[in-house]
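Note: hydrogens, waters and symmetry copies are ignored here, and every other heavy atom, side chains too, is used. Atoms within each ligand, like the ligands themselves, are counted from 1 in listed order. Please read all numbers here as calculations on a predicted model, not as lab measurements.
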Amino acid sequence: MRFLILSDIHGNIDALDAVLARSPRDSYDRLLVLGDLVGYGANPNEVVDRIFDLTPDVMIRGNHDKVATGVEGADSFNRIAAEAARWTQKALTPENRERVAALPAGPKNVDRDVEVCHGSPFDEDAYVFDEEGAERALESAHRPICFFGHTHVPVAYIQKGADLSVLHPQPGGPETTVVNVVKKHRYLINPGSIGQPRDTDPRAAYATYDSRKQRIEVRRVPYRIDLAQQRITEAGLPESLAFRLGLGR
Ligand code: ZN
């Protein structure tokens, strides 16, 4: 089984289309989407339409999906995120607002080996930023391979018995970072963010998993950042959201 794993697209259609061009429909069997389809970027409807057209096998909501559809208030958001959420709520068509609002909370089991969550398996909104958070997440995971998002930083935590190792793909490094899956070990993998990377690498980030080859790949794809920035500016969204795309942070 070949999986395509997408997270934190954040209304960035230019980044999403670059990823889907690199990993077209015949390159995977099952699509997993880890939440935050919208928020920050200028093309929430295009992103929601594109993703729903692909009929993901498992898709969960992110915190921005909740706030931008009124499922939750913006109390936990900073000023700019809240402004973007308000903009997104107005921009979404009623149909898309309904579809995004109806997304289920994670975690969700995908099969016997794989589960997905937005933040962490114990709390959909919790951030896993370090080894301590990763250990807690791995303890509460239901499957040996757990894909998570939310931080916008690609990383692989690998637990071998009592040892935890961390693999950070090098910002600006190769387009593919490989994690070979070994039975008995446990994996907590963040594919990174498609629409708003924050690891100082502005390229779109995503992951694939081939269960037959026992191989996870965390991938980077360049895209037309200038177009995404221009759309943010033209939409009247906060200028800093365009600026940070160029920095990848
Ligand atoms: Zn996000």
Checklist entry - So is Arg2 actually on top of Tyr209's ring, under 6.0 Å and inside 45° of the axis? => result no

Checklist entry - Between His150 and Asp8, does any side-chain donor sit less than 3.5 Å from a side-chain acceptor? => result no

Next on the checklist: Distances under 2.8 Å only: what protein N/O/S atoms are near the Zn ion (ligand 1), ordered by chain and residue?
Outcome noted: Asp8 OD1, His10 NE2, Asp36 OD2, His152 NE2

Checklist entry - Would you call Glu95-Arg97 a salt bridge at under 4.0 Å N-O? => result no

Checklist entry - Phe148 and His118: aromatic ring centres closer than 6.0 Å? => result no

Item to check | Pair Gln196-His10, side-chain donor/acceptor within less than 3.5 Å | outcome: no

Item to check | Check: Arg219/Thr177 side-chain N/O donor and acceptor closer than 3.5 Å | outcome: no

